[in-house]
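The first residue in the sequence is number 1, and the count goes up from there. Below, each value reflects all heavy atoms present in this structure, side chains not excepted, and no hydrogens, waters or symmetry copies.
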Amino acid sequence: MKNNQLPSFWVVIPAAGIGSRMRSTIPKQYFTLGNLTVLEHTLACFLDHPQLLGIVVCLSKDDQCWSELSVSKHPLIQVAEGGGERADSVLSGLMALSEQAKPDDWILVHDAARPNLTREDLDKLLFVVSKDTVGGLLATPARDTLKQIDSQGRVIKTLDRKVIWQALTPQMFHFQQLTCALQHARKMGMIITDEASAIEAMGFSPLLVEGRSDNLKITHPEDLQWLVPYLVTTK
Ligand SMILES: Nc1ccn([C@@H]2O[C@H](COP(=O)(O)OP(=O)(O)OP(=O)(O)O)[C@@H](O)[C@H]2O)c(=O)n1
Ligand SMILES: C[C@](O)(CO)[C@H](O)COP(=O)(O)O
């Protein structure tokens, strides 16, 4: 689709995690894949987009790596201090835009740990969700049979996978609506693991846009082995 059919947008990149499930000495967003760090791969998908207004990268207050990257000097990138949870980091990133973003500006929140987003999926999300009144997210339909377990880890039922989708990122919402939703979730003490769930808690139903299942979030050590071939050949 043509760029003039796509909305302009801001990006918030939560990159303040410690990667505990990776069991590594450095945060996974700074692993090197090919010739770039995971975070640089993630940023690359947005930085040459003609509709990009700017990016906020949310960093841990103890981050020692960001300033070593040449991309840290990019004129379209600013940083914000992340928080204890991912939702806190995202809210901090939104606060950093409070003097720049207009209430109805589109915000895309994308995990630093998802370096394999394609331009095709990004533009598909922008095109489809820009026509929606609520906002939405990339997601992929469940491919495996899914089981619900009890507290002992025993199967209590098999879920209907025709109605189960796995949320990905970017997740795309209007600046004011997303800010209010995350502030509401924080005030209510809700456990929020993605932006859409904060929007849902306000009574809205975000739109799902099917994305590639290889838009992987690096979470466990074995996730890396699948990612390197993609990043070396397609980035
Ligand atoms: N307080 C936090 C926690 C996570 N994130 C970011 O949110 C994304 C998705 O989170 P996750 O995969 O859980 O990353 P970590 O929290 O680092 O991993 P873990 O849960 O294994 O510690 C990552 O890019 C991570 O850097 C963040 O900005 N601030
Ligand atoms: C936002 C997300 O990537 C959507 O699937 C996911 O909720 C992040 O979870 P994490 O535990 O913070 O990695």
Quiz item: Under the side-chain hydrogen bond (donor to acceptor under 3.5 Å, both in side chains) criterion, do Thr118 and Arg212 qualify, and how do the steps go?
Solution: CA-CA 8 Å; Thr118 64; Arg212 292 171 56 109; 4.8 Å; no
Exercise. List the steps and the verdict of side-chain contact (heavy atoms from CB on, under 4.5 Å) for Tyr30 and Leu69.
Key: CA-CA 10 Å; Tyr30 293 112; Leu69 304 181; 3.9 Å; yes
Quiz item: Phe204 and Thr133: side-chain contact (heavy atoms from CB on, under 4.5 Å), yes or no, with the steps?
Solution: CA-CA 10 Å; Phe204 299 102; Thr133 54; over 6 Å; no
Exercise. Show your working on side-chain contact (heavy atoms from CB on, under 4.5 Å) between Leu126 and Gln51 and close with a plain yes or no.
Key: CA-CA 10 Å; Leu126 289 166; Gln51 301 299 93; 5.6 Å; no
Practice problem: Check the pair Ile107, Phe173 against side-chain contact (heavy atoms from CB on, under 4.5 Å), reporting the backbone distance first and the verdict last. | Solution: CA-CA 5 Å; Ile107 303 287; Phe173 298 100; 5.8 Å; no
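To the nearest 0.5 Å, the span separating NE2 on His110 from CG on Leu125 amounts to 10.5 Å. Annotation: the span from Gln177 atom CD to Met202 atom CE amounts to 7.5 Å, rounded to 0.5 Å. Here Lys147 contributes atom NZ and Arg161 contributes atom CZ; the two are 10.0 Å apart, rounded to the nearest 0.5 Å. The structure places CG of Leu159 at 5.0 Å from CD1 of Ile164, a figure rounded to the nearest 0.5 Å. With rounding to the nearest 0.5 angstrom, the CE atom of Met95 is 15.0 Å from the CD atom of Glu81. We find the CG-CG distance between Asp62 and Leu59 to be 11.0 Å, quoted to the nearest 0.5 Å.
Open room surrounds NZ on Lys157; 12 or fewer heavy atoms of other groups in view lie less than 6.0 Å from it. The environment of NZ in Lys131 is crowded: more than 12 heavy-atom neighbours from other residues, nucleotides or ligands sit within 6.0 Å.
The two residues Phe46 and Pro170 make their nearest non-hydrogen contact at CZ-CG, 4.1 Å. Taking both residues in full, the closest heavy atoms of Pro221 and Arg23 are given as CG-NH2, 3.8 Å, listed atom of the first, atom of the second, then distance. Minimum interatomic distance between Ala167 and Ala139 (heavy atoms only, all atoms of both residues): CA-CB, 4.3 Å. Pairing each heavy atom of Ile199 with each of Pro206, the nearest pair is CG2-CG, 4.1 Å. The minimum heavy-atom distance between Gln225 and Glu222, with the atom names listed, is CG-O, 3.1 Å. Here the shortest heavy-atom pairing between Trp106 and Gly135 reads CZ3-CA, 4.1 Å.
By the 4.0 Å N-to-carboxylate-O rule, Arg186 lies close enough to Asp88 to be salt-bridged with it. A salt bridge does not link Lys124 with Asp121: none of the charged nitrogens is closer than 4.0 Å to a carboxylate oxygen.
Formation of a donor-acceptor pair under 3.5 Å by the Ser89 side chain with backbone atoms of Gly82 is not found in this model. Under the 3.5 Å distance criterion, the side-chain polar atoms of Asp223 are matched with a main-chain donor or acceptor of Thr219. Proximity of a side-chain donor or acceptor of Asn215 to a complementary backbone N or O of Thr169 within less than 3.5 Å is detected. Although no hydrogens or angles enter the test, the distance criterion places no donor-acceptor pair under 3.5 Å between the side chain of Ser8 and the main chain of Leu52. Within the 3.5 Å criterion, the main-chain N or O of Ala96 finds a donor-acceptor partner in the side chain of Gln78.
Neither Ile55 nor Trp10 shares a network with the other; the hydrophobic side chains, linked directly or stepwise wherever heavy atoms of I, L, V, M, F, W or Y lie under 4.5 Å apart, form separate groups for each. Two different hydrophobic clusters hold Val12 and Val71 under the rule that ILVMFWY side chains link at heavy-atom gaps under 4.5 Å. Linking Ile, Leu, Val, Met, Phe, Trp and Tyr residues whenever their side-chain heavy atoms come within less than 4.5 Å leaves Val79 and Val56 in two separate clusters. The same ILVMFWY cluster, assembled from side-chain heavy atoms under 4.5 Å apart, contains both Leu168 and Phe127. Each of Met172 and Leu97 belongs to its own hydrophobic cluster when Ile, Leu, Val, Met, Phe, Trp and Tyr are linked at side-chain heavy-atom distances under 4.5 angstrom.
Residues Val90 and Cys58 are not in side-chain contact: their nearest non-hydrogen atoms beyond the backbone lie 4.5 Å or more apart. Ile156 has its side chain within reach of Asp150: a pair of non-hydrogen atoms, C-beta onward, lies under 4.5 Å apart. For the pair Ile218 and Leu224, the minimum side-chain heavy-atom distance is below 4.5 Å. Taking 4.5 Å as the limit, some side-chain heavy atom of Val57 sits within range of a side-chain heavy atom of Leu43. Looking only at side-chain heavy atoms (C-beta outward), Ile192 and Glu85 stay at 4.5 Å or farther from each other. Contact of the Leu122 side chain with the Cys45 side chain is registered, since non-hydrogen atoms from C-beta on lie closer than 4.5 Å. Side chains of His41 and Asn116 form no contact here, defined as non-hydrogen atoms less than 4.5 Å apart. A 4.5 Å side-chain heavy-atom check between Asp123 and His49 finds at least one atom pair inside the cut-off.
Screening Leu208, Leu138, Thr140 for a side chain to side chain contact (heavy atoms under 4.5 Å, CB included) involving Gln166 leaves a single residue, Thr140. Among Asp132, Val134, Leu137, the single residue meeting the side chain to side chain contact (heavy atoms under 4.5 Å, CB included) criterion with Leu207 is Asp132. For the pairing with Asp111, the side chain to side chain donor-acceptor pair (under 3.5 Å) check across Arg86, Gln171, Gln29 returns one residue only, Arg86.
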